[in-house]
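Written below as structure tokens is the structure these notes are about.
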Amino acid sequence: GINIISEGPNDETNKEEDDCDDDDEWTFEECVLFDTLLARYADNTKNESNEGGEEDISGDGVSRWEQISALLPNKTSLQVRNRYVKISRVEKEKRRLAHQPTVNS
């Protein structure tokens, strides 16, 4: 396995950036594999209204989440989808905050 060394105190901003720190259901290794598989089975539709990606299917009728969960031991397609939705919401909020105008005093 991979040894993880903490780089600092439990800082809330670090927890948001590394979503695995506060997620007891996902190990670091699972998070890394999830990210890799998510890129491999990328959503080419980019439909913002379809945040959960339920309609994303391959040519054989298997959902994106089923494809990913098949390669992640002990994870269901629902757990994979829920993790994606959680990460998507965090990223969307980061983009929203980054584009807010700053107020000069």
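Since we're looking at a predicted model, the values are computed, not measured.
- Expressed to the nearest 0.5 Å, how far OH of Y41 lies from CZ of R64 amounts to 11.5 Å.
- For E91 (side chain) and S88 (main-chain N/O), no donor-acceptor pair under 3.5 Å exists by modelled atom type.
- Taking the side chain as every heavy atom from C-beta outward, S69 and V80 approach each other to under 4.5 Å.
- Contact of the R83 side chain with the I87 side chain is registered, since non-hydrogen atoms from C-beta on lie closer than 4.5 Å.
- Annotation: salt bridge (charged side-chain N to carboxylate O under 4.0 Å, His left out) contacts of E66 (sequence neighbours excluded): none.
- The backbone N or O of T27 lies less than 3.5 Å from a partner atom in the side chain of E30, making a donor-acceptor pair.
- Relative orientation of the Y84 and W65 rings is tilted, given thresholds of 30° and 60° on the angle between their planes.
- Between E25 atom CD and N82 atom CG the span is 9.0 Å, to the nearest 0.5 Å.
- The structure places CD1 of I68 at 9.5 Å from CG of L33, a figure rounded to the nearest 0.5 Å.
- Counting heavy atoms from C-beta on, the side chains of K75 and F34 never come closer than 4.5 Å.
- The minimum heavy-atom distance linking R40 with L71 is given by the pair NH1-CD1, 4.0 Å.
- Atom CG of L78 is separated from atom OG of S63 by 10.5 Å, given to the nearest 0.5 angstrom.
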